[in-house]
Peer 1: 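Once you've had a glance at the structure underneath, I'll fire off some questions.
Throughout, a chain's letter reflects where its sequence line sits, starting with A, and its residues are numbered from 1. Please read these numbers as outputs of a predicted model, since none were measured by experiment.
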Protein chains: 2
Amino acid sequence: MVTIGDVAREAGVSRSTASYALSGKRSISPEVREKVEQAVRQLGYTPNAGARALATSQTKVIALLARFLDDEFAPAMLQYILGVTNEARELGYDTLLVSEEDGVSALKRISDSRMADGFVLLNVAERDDRLDILRAASQPGALVGLPAETAGVDVFDLDFEGAGRLMVDTLHDLGHRELVLVSQPEHVLERGGAYVWRLANAAADRAAELGVLLHPYFGSSTQPQIGRDLSAFLDAHPSATGLLLNNEAAAAALPSVLHERGLSSPHDLSVIGRYSDDFARTFSLPYSAIDSAAAELGRRAVEHLVSRIEGSTDAGTTVVDLIAPRIDDRGSIAAPPTQH
Amino acid sequence: MVTIGDVAREAGVSRSTASYALSGKRSISPEVREKVEQAVRQLGYTPNAGARALATSQTKVIALLARFLDDEFAPAMLQYILGVTNEARELGYDTLLVSEEDGVSALKRISDSRMADGFVLLNVAERDDRLDILRAASQPGALVGLPAETAGVDVFDLDFEGAGRLMVDTLHDLGHRELVLVSQPEHVLERGGAYVWRLANAAADRAAELGVLLHPYFGSSTQPQIGRDLSAFLDAHPSATGLLLNNEAAAAALPSVLHERGLSSPHDLSVIGRYSDDFARTFSLPYSAIDSAAAELGRRAVEHLVSRIEGSTDAGTTVVDLIAPRIDDRGSIAAPPTQH
DNA sequence: CTGAAAGCGCTTACAG
DNA sequence: CTGAAAGCGCTTACAG
């Protein structure tokens, strides 16, 4: 193993001079710098990460705490992860991926052993028991997902309330006056997914303001039950002209449901979903949808985390950054069919 | 930060005694051990990972080098990753997830800086330029995916040749004599996916041995083109009674293709796929298939890697472990329809 | 069974 | 502009 001592000897300088020549933290004569750099190239020197971490108290590692929930769409999870790892690398950090069931003890272990300079928590629930540990940790943390209590942490999430309003506004502007909203099943809420409520409540409020009739439902998260659910909802509201889906399984099942009923979108029914672009691609879904912005959320969380690690962010104030919803138009939105 | 010095002081012993009491590497009187353990609990001591790594030359970290290819099914990738992280944790290791485009320089960086004790490479191609670096590295490595040259590395993969034979044997035993095989598109081969050839060639050889007529094709990897491809293949071979799919997109498109043609499986056509269980679940696919065994491959790679890191595996010999193919029966295989 | 000391490979005040 | 030395927090021969 080649150390900075080898480099110093090869360059004919002291170890401290070699170190400073590489870090640039004090002025070095051009000749010495050149000799050191040549020695580095010649010997193929790379600093030992453990030694550097010990000396500087900086690991240049970010720990990513992931939670994998049963009926979650895996590509979406992967997009969060890639958003984090790619942005981290760009900022000079490596990523420790932690997938343990027991996120609390994992967080404690990594924090106490100082394996990472900061944490990104994925899939944060309304009440997330990892947060107490995180707040007590000496490293900063960024969350993807909005918990009930945001004090002391930076939070990044899609603006689900804005998403609910955008769905209703968009169809109202086109002339729709009766809509069906299909949310994820209630067990998703139970495990802490308050975002389902946030979207549904905001949509209901906006609909009430605008005089739009909105029928809210929970649908199953599995095939083929969700197909039957959708049929029942549409049967119950034959005059509804718009369908809002905050439920991935529903979006995947809808094409065959519409086919069976002899309906087409947007001619008979305008449809707006809320899922990731990957999801749309995997299933070749033709519905306009509000993107989950998974990679972007991961990126923003890391960007902010690193600025906190490196001390360029005010320690006193924390951030709640809700990404503005945007509809990816795939042509499933139009004016309602004219009555005749 | 609480160090082993704090623990030693609290317990009234020397630092070395505290260290040995915790590691158990030399005999310690019961009273001293108890005092040390109590001090640890009281102070909440966790060893500093960087310091330990520096002292022992062991990081207890495994680096996972992932490559993300365009038309790959993300849940399958995630299963490999989770297989690795979960098994690693079980064996006392954390996982550094490296997703850089430039796997060669990433591998070099992590290896030279000694951030990890070993490497798992995912998605290894026939000729993979990461392998030269890996062979020169001082840490051992395990591959998921079979390269042309396996010297010096441990390799884990599905037995694709066995898979091709198993597909043909299974249908031959039931009385089928004419089959269509749809492989992934040729661009998958170009980027190094020799497994496509391995399966196709072994299937062809076995078919020839058994006197089975096998029509091999490449199909598109995208909708809706693959649907048209499938229709064309079936049109071209109206007397074929079995369909073998080494192409995920084809499996996803097949239900609607069969529906359009008024065919049902296995009554009119026996079908065997080759994809992950997750893939089947995501698309609610009813076809019997050989599982990709992603998580299992990740687990085996880590298990073997750790035994190499810890020196319990003979350094002289390397392993090529091909998982025996197994058909998950989903009821799409039967005897061919009787002629009339 | 225990302690004092050296050493892992860095960085960074301290001195000149 | 450069060097000698201390220190980061561990582990582990060496000595008793």
Peer 1: Expressed in angstrom and rounded to an integer, what is the separation of A/Tyr45 atom OH from C/dG9 atom P?
Peer 2: 10 Å

Peer 1: Return the nearest nucleotide to the side chain of A/Thr17; candidates are D/dT2, C/dG9, D/dC10.
Peer 2: D/dT2

Peer 1: With the threshold set at 4.0 Å, does a side-chain nitrogen-carboxylate oxygen contact exist between B/Arg300 and B/Glu303?
Peer 2: no

Peer 1: Any carboxylate oxygen within less than 4.0 angstrom of a Lys/Arg side-chain nitrogen, looking at B/Glu100 and B/Arg109?
Peer 2: yes

Peer 1: Mind checking the CD-CD1 spacing from B/Gln58 to B/Ile309? Nearest 0.5 Å is all I need.
Peer 2: 7.5 Å

Peer 1: Can you see if the side chain of A/Ser27 gets near the phosphate of D/dC1 - specifically, an N or O under 4.0 Å from OP1 or OP2?
Peer 2: yes

Peer 1: For residues 30-43 of chain B, which residues have at least one heavy atom under 4.0 Å from DNA chain D?
Peer 2: none

Peer 1: Closer to the 5' end of DNA chain D via nearest nucleotide, is it B/Lys25 or B/Leu54?
Peer 2: B/Leu54

Peer 1: For C/dA13, which nucleotide in any strand shown is its Watson-Crick or wobble partner with both distances under 3.5 Å?
Peer 2: none

Peer 1: Map B/Ile28 and B/Ala55 onto DNA chain C by nearest heavy atom, then report which one ends up closer to the 5' terminus.
Peer 2: B/Ile28

Peer 1: Under a 3.5 Å cut-off for both contacts, is C/dA4 paired Watson-Crick or G-U wobble with anything, and if yes, with which nucleotide?
Peer 2: none

Peer 1: Salt-bridged, A/Lys60 to A/Asp117, with N to O below 4.0 Å?
Peer 2: no

Peer 1: Report which part of the nucleic acid B/Ser19 touches: base, sugar-phosphate, or nothing (heavy-atom distance under 4.0 Å, all strands).
Peer 2: base

Peer 1: Can you tell whether the side chains of A/Arg41 and A/Glu34 come within less than 4.0 Å, N to carboxylate O?
Peer 2: yes

Peer 1: Evaluate the side-chain contact (heavy atoms from CB on, under 4.5 Å) criterion for residues A/Val144 and A/Leu121: first the C-alpha distance (whole Å), next the side-chain angles of each, then the deciding distance (0.1 Å), finally the verdict.
Peer 2: CA-CA 6 Å; A/Val144 177; A/Leu121 270 58; over 6 Å; no

Peer 1: Extract from the structure each pairing of a protein N or O with an N or O of nucleotides 13-16 of chain C at less than 3.5 Å, listing the distance.
Peer 2:
{"from": "C/dA13", "atom 1": "N7", "to": "A/Tyr20", "atom 2": "OH", "distance (Å)": "3.1"}
{"from": "C/dA13", "atom 1": "N6", "to": "A/Tyr20", "atom 2": "OH", "distance (Å)": "3.3"}

Peer 1: Does CZ belonging to A/Arg135 count more than 12 external heavy atoms closer than 6.0 Å?
Peer 2: yes

Peer 1: Side chain of A/Ser14: nearest nucleotide among D/dA4, D/dC10, C/dC10?
Peer 2: D/dA4

Peer 1: Start with the C-alpha distance between A/Ser19 and A/Ser16, add both sets of side-chain angles, then the distance that settles side-chain hydrogen bond (donor to acceptor under 3.5 Å, both in side chains), and finish with yes or no.
Peer 2: CA-CA 5 Å; A/Ser19 176; A/Ser16 57; over 6 Å; no

Peer 1: Is the shortest side-chain N/O distance from A/Ser29 to OP1 or OP2 of D/dT2 below 4.0 Å?
Peer 2: yes

Peer 1: Does OP1 or OP2 of C/dT11 have a side-chain N or O of A/Thr56 closer than 4.0 Å?
Peer 2: no

Peer 1: Give the rounded distance in Å between these two atoms: CD1 of B/Ile4 and P of C/dA4.
Peer 2: 15 Å

